[in-house]
Amino acid sequence: MTMKDIRQALQERILIIDGAMGTMIQRHRLTEADYRGERFKNWPSDLKGNNDLLCLTQPDIIEGIHRQYLDAGADIIETNTFNSQKVSLADYNMEALAYEINLAAAQLARKAADAFTRQTPSKPRFVAGAIGPLNKTLSLSPDVNNPGYRGLLWDEAVAAYYEQISGLVDGGIDLLLIETIFDTLNAKAAIFAVKKYFQDKQVPELPIMISGTITDASGRTLSGQTLEAFYISVMHAKPLSIGLNCALGAADMRSHIAELSGIASCYTSAYPNAGLPNAMGEYDEQPEETAHFLEDWAREGFVNIVGGCCGTTPDHIRHIAEHVKNFQPRPLPTIASTIEA
């Protein structure tokens with residue numbers, strides 16, 4: 001797919017991005033042995049919970065989840081790579097596998113997307129390379145007694161993202177999705193890595209989608225930025241879209257989506273959780289409830305891309321797609337240029 005293809009699709013309709021990968025993986029009730037597979041059966045660290053590794057050890061499961069979301073109506077599917085960089089993979093002593101996991105994940109998603117595009121060529125499907133926020137932050141100290149300490153350096157973050165981007169691009173993605181941003185400095189490192197990668201390779205850049213996360217009712221990110229400050233901080237990347245995902249359920253995200261829609265010069269996206277987690281950490285919001293909220297946003301002209309995050313399933317995506325299909329996408333604002341005399 002090309003930049004022209006995705007932009008044309010965004011002008012024609014509200015696009016649907018997929019739902020939660022982790023929620024669907026949990027349904028398989030995989031064991032430690034399932035995560036290890038034959039290749040990693042003697043790995044010295046526990047591997048259960050390393051969902052991205054399943055791209056290597058259980059590829060059929062991951063491709064099957066992609067296909068379920070595509071069948072539910074997704075236009076954009078995300079690679080199973082939320083933690084697939086060496087900073088996060090260090091938890092499993094698997095830093096050396098970062099490139100390989102990203103390559104395999106992109107190839108699995110590409111295969112599934114292309115199969116559905118061949119069935120209905122008038123509705124192309126797109127693969128977004130999912131780039132998570134890292135499990136360490138550049139802005140905040142992990143030690144309350146030493147506020148100047150950082151567990152991660154800028155160059156380390158850039159290098160980790162650069163390697164991840166390399167695997168995703170080599171695997172055939174259409175877009176790069178820098179998502180669930182709680183620390184804008186981490187996001188800036190990812191943006192820098194994207195720009196450096198394409199400059200180094202001397203090939204046209206792929207479109208960038210950026211999605212932050214509001215952590216509480218204050219309307220701020222974890223690192224303390226307001227939504228407007230976050231937007232201003234990342235717009236130098238000239239993203240295809242900017243939006244919000246995760247943290248808050250749709251009921252609490254509405255005001256923030258409305259605000260973002262009013263200030264963004266690019267397309268907007270929103271993929272909330274299925275409500276807030278219950279006492280057991282599970283999500284109870286039913287597909288029709290989530291779809292009702294997103295239908296309201298579509299009616300108000302707030303969004304260009306919608307979908308689901310934690311707790312959402314193909315049923316949520318199917319309901320969302322059905323509820324927003326008759327609404328026009330948010331038009332890009334006309335930015336007037338002024339010249340001082």
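All heavy atoms count here, side chains included; hydrogens, waters and symmetry mates do not.
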Item to complete: Without swapping roles, check the side chain of Asn80 against the backbone of Ala105 for a donor-acceptor pair under 3.5 Å.
Response: no
Discussion item. Please say yes or no: joined through hydrophobic side-chain contacts below 4.5 Å, possibly via intermediate residues, are Ile16 and Phe116 part of one cluster?
Written reply: yes
Worksheet item: Can you find a pair of side-chain heavy atoms, one from Asp174 and one from Pro124, that are under 4.5 Å apart?
Response: no
Item to complete: Please tell me if the side chains of Ile25 and Ile62 come closer than 4.5 Å, counting only heavy atoms from C-beta onward.
Response: yes
Discussion item. If I take atom CG from residue Leu168 and atom CD1 from residue Ile165, how far apart are they, to the nearest 0.5 angstrom?
Written reply: 7.5 Å
Worksheet entry | Flag if over 12 foreign heavy atoms under 6.0 Å of NZ, Lys238 | no
Item to complete: Of all the heavy-atom pairs spanning Ala250 and Leu294, show the shortest one and how long it is.
Response: CB-CD1, 4.0 Å
Worksheet item: With no hydrogens and no angle check, is any side-chain donor or acceptor of Glu205 less than 3.5 Å from a backbone partner on Val203?
Response: no
Worksheet item: Taking 4.0 angstrom as the limit, do Lys136 and Glu156 come out as a salt bridge?
Response: no
Discussion item. Side chains of Leu260 and Ile242, heavy atoms from C-beta outward: is any pair under 4.5 Å?
Written reply: yes
Worksheet, complete the sentence: Tightest non-hydrogen contact, residues Thr184 and Ser233, listed as CG2-CB, 3.7 Å
Worksheet item: So if you build clusters from Ile, Leu, Val, Met, Phe, Trp, Tyr with side-chain heavy-atom gaps below 4.5 Å, do Ile232 and Phe192 land together?
Response: yes
Discussion item. Under 3.5 Å, is there a donor on one side chain and an acceptor on the other for Tyr35 and Asn51?
Written reply: yes
Worksheet item: What are the two closest non-hydrogen atoms of Leu138 and Arg150, and how far apart are they?
Response: O-NE, 2.9 Å
Fill in: Flag, side chain of His319 to backbone of Asp315, donor-acceptor distance under 3.5 Å
yes
Worksheet entry | Flag side-chain contact, heavy atom, 4.5 Å: Thr213 against Leu244 | no
Discussion item. Counting C-beta onward and ignoring hydrogens, is there a side-chain heavy-atom pair between Lys48 and Thr31 closer than 4.5 Å?
Written reply: no
Worksheet item: Could you go step by step and tell me if Glu163 and Lys196 meet the salt bridge (Lys or Arg N to Asp or Glu O under 4.0 Å) rule?
Response: CA-CA 11 Å; Glu163 183 180 29; Lys196 185 177 188 304; over 6 Å; no
Fill in: Side chains of Asn135 and Asp91, donor plus acceptor under 3.5 Å
yes
Worksheet item: Under 3.5 Å, is there a donor-acceptor pair between the Arg125 and Thr120 side chains?
Response: yes
Discussion item. So for atom CD, which belongs to Glu32, do other residues, nucleotides or ligands contribute more than 12 heavy atoms lying within a distance under 6.0 Å?
Written reply: yes
Worksheet item: Should Tyr267 and Leu332 be marked as a side chain to side chain contact (heavy atoms under 4.5 Å, CB included) after you check the CA-CA gap, both sets of side-chain angles, and the distance that decides it?
Response: CA-CA 7 Å; Tyr267 295 106; Leu332 286 181; 3.7 Å; yes
Practice prompt. Could you check if a side-chain atom of Tyr161 sits within less than 4.5 angstrom of a side-chain atom of Ile191, using non-hydrogen atoms only?
Written response: no
Worksheet entry | CA sep, side-chain torsions, deciding dist, call: Cys310, Tyr283, side chain to side chain contact (heavy atoms under 4.5 Å, CB included) | CA-CA 8 Å; Cys310 302; Tyr283 294 85; 3.6 Å; yes
Worksheet item: Counting distance only, does the side-chain N/O of Thr221 pair as donor-acceptor with the main-chain N or O of Gln225 below 3.5 Å?
Response: yes
Discussion item. Looking at Tyr271, is its backbone amide N or carbonyl O close enough to the side chain of Asn245 to form a donor-acceptor pair, meaning the two atoms are under 3.5 Å apart?
Written reply: no
Indicate every side-chain donor-acceptor pair of residues 296-309 with a distance under 3.5 Å to a residue at least two apart or in another chain.
from, atom 1, to, atom 2, distance (Å)
Asp296, OD2, Arg254, NE, 2.6
Asp296, OD2, Arg254, NH2, 3.3
Arg299, NH2, Glu295, OE2, 3.1
Asn304, OD1, Thr268, N, 2.9
Asn304, OD1, Thr268, OG1, 3.4
Asn304, OD1, Arg330, NH1, 3.4
Asn304, ND2, Arg330, O, 2.6

Item to complete: Mind running side-chain hydrogen bond (donor to acceptor under 3.5 Å, both in side chains) on Asp200 and Tyr162 for me, showing each step along the way?
Response: CA-CA 11 Å; Asp200 289 349; Tyr162 189 101; 2.8 Å; yes
Worksheet entry | Minimum-distance pair of heavy atoms, taken over all atoms of Ala190 and Ile178 | CB-CD1, 3.8 Å
Item to complete: Could you tell me whether the side chain of Asn273 and the main chain of Leu276 form a donor-acceptor pair under 3.5 Å?
Response: no
Discussion item. Would you compute the distance between atom CD1 of Ile17 and atom OG of Ser211 and round it to the nearest 0.5 angstrom?
Written reply: 8.0 Å
Practice prompt. List the steps and the verdict of side-chain hydrogen bond (donor to acceptor under 3.5 Å, both in side chains) for Ser88 and Gln85.
Written response: CA-CA 6 Å; Ser88 299; Gln85 26 61 34; 2.8 Å; yes
Item to complete: Following the transitive rule for hydrophobic clusters with a side-chain heavy-atom cut-off under 4.5 Å over Ile, Leu, Val, Met, Phe, Trp and Tyr, establish whether Val158 and Val87 coincide in one cluster.
Response: yes
Worksheet entry | Min side-chain heavy-atom separation Glu228-Ile263 under 4.5 Å | yes
Discussion item. Quick check against the 3.5 Å criterion: does Arg13 have a side-chain atom that pairs as donor or acceptor with the backbone of Pro329?
Written reply: no
Discussion item. Any donor-acceptor pair under 3.5 Å linking the side-chain atoms of Asn83 with those of Asp52?
Written reply: no
Worksheet item: Where is the tightest heavy-atom contact between His316 and Gly311, given as atom of each residue plus distance?
Response: CE1-O, 3.7 Å
Worksheet item: Under a 4.0 Å N-O cut-off, is there an ion pair linking Asp34 with Arg29?
Response: no
Worksheet item: Does Phe182 reach the side chain of Leu134, with side-chain heavy atoms less than 4.5 Å apart?
Response: no
Worksheet item: Any side-chain donor-acceptor pair under 3.5 Å between Ser84 and Asn102?
Response: no
Worksheet item: Should Ile101 and Leu56 be marked as a side chain to side chain contact (heavy atoms under 4.5 Å, CB included) after you check the CA-CA gap, both sets of side-chain angles, and the distance that decides it?
Response: CA-CA 7 Å; Ile101 292 174; Leu56 301 181; 3.8 Å; yes
Discussion item. Can a donor-acceptor pair be found, under 3.5 Å and without considering hydrogens, that links the side chain of Asn186 to the backbone of Pro133?
Written reply: yes
Worksheet entry | Residues Thr23 and Gln26: side-chain donor-acceptor under 3.5 angstrom | no
Practice prompt. Output, in order, the C-alpha distance, side-chain angles, deciding distance and verdict of side chain to side chain contact (heavy atoms under 4.5 Å, CB included) for Leu176 and Ile131.
Written response: CA-CA 7 Å; Leu176 287 158; Ile131 299 174; 3.8 Å; yes
Worksheet entry | Any donor-acceptor N or O pair under 3.5 Å, side chains Ser141, Asn146 | no
Worksheet item: With no hydrogens and no angle check, do the side chains of Glu285 and Thr290 hold a donor and an acceptor under 3.5 Å apart?
Response: yes
Response to the item:
Closest non-hydrogen contact found for Ala106 with Ile173 is CB-CG2, 3.8 Å
Fill in: Nearest-0.5 Å distance, OG1 of residue Thr117 to CG of residue Leu70
8.0 Å
Item to complete: Ignoring hydrogens and angles, state whether a donor on the side chain of Tyr231 or Ser265 is under 3.5 Å from an acceptor on the partner side chain.
Response: yes
Worksheet item: Within the distance-only criterion (no hydrogens, no angle test), does the side chain of Gln164 pair as donor or acceptor with the backbone N or O of Ala130 below 3.5 angstrom?
Response: yes
Discussion item. So for atom CD, which belongs to Gln199, do other residues, nucleotides or ligands contribute more than 12 heavy atoms lying within a distance under 6.0 Å?
Written reply: no
Worksheet item: Is the shortest side-chain N to carboxylate O distance from Asp114 to Arg110 below 4.0 Å?
Response: yes
Discussion item. Within the supplied structure, the quantity of interest is the number of heavy atoms (other residues, nucleotides, ligands) at a distance under 6.0 Å from Lys201 NZ; does it exceed 12?
Written reply: no
Worksheet item: Under 3.5 Å, is there a donor-acceptor pair between the side chain of Gln8 and the main chain of Asp5?
Response: no
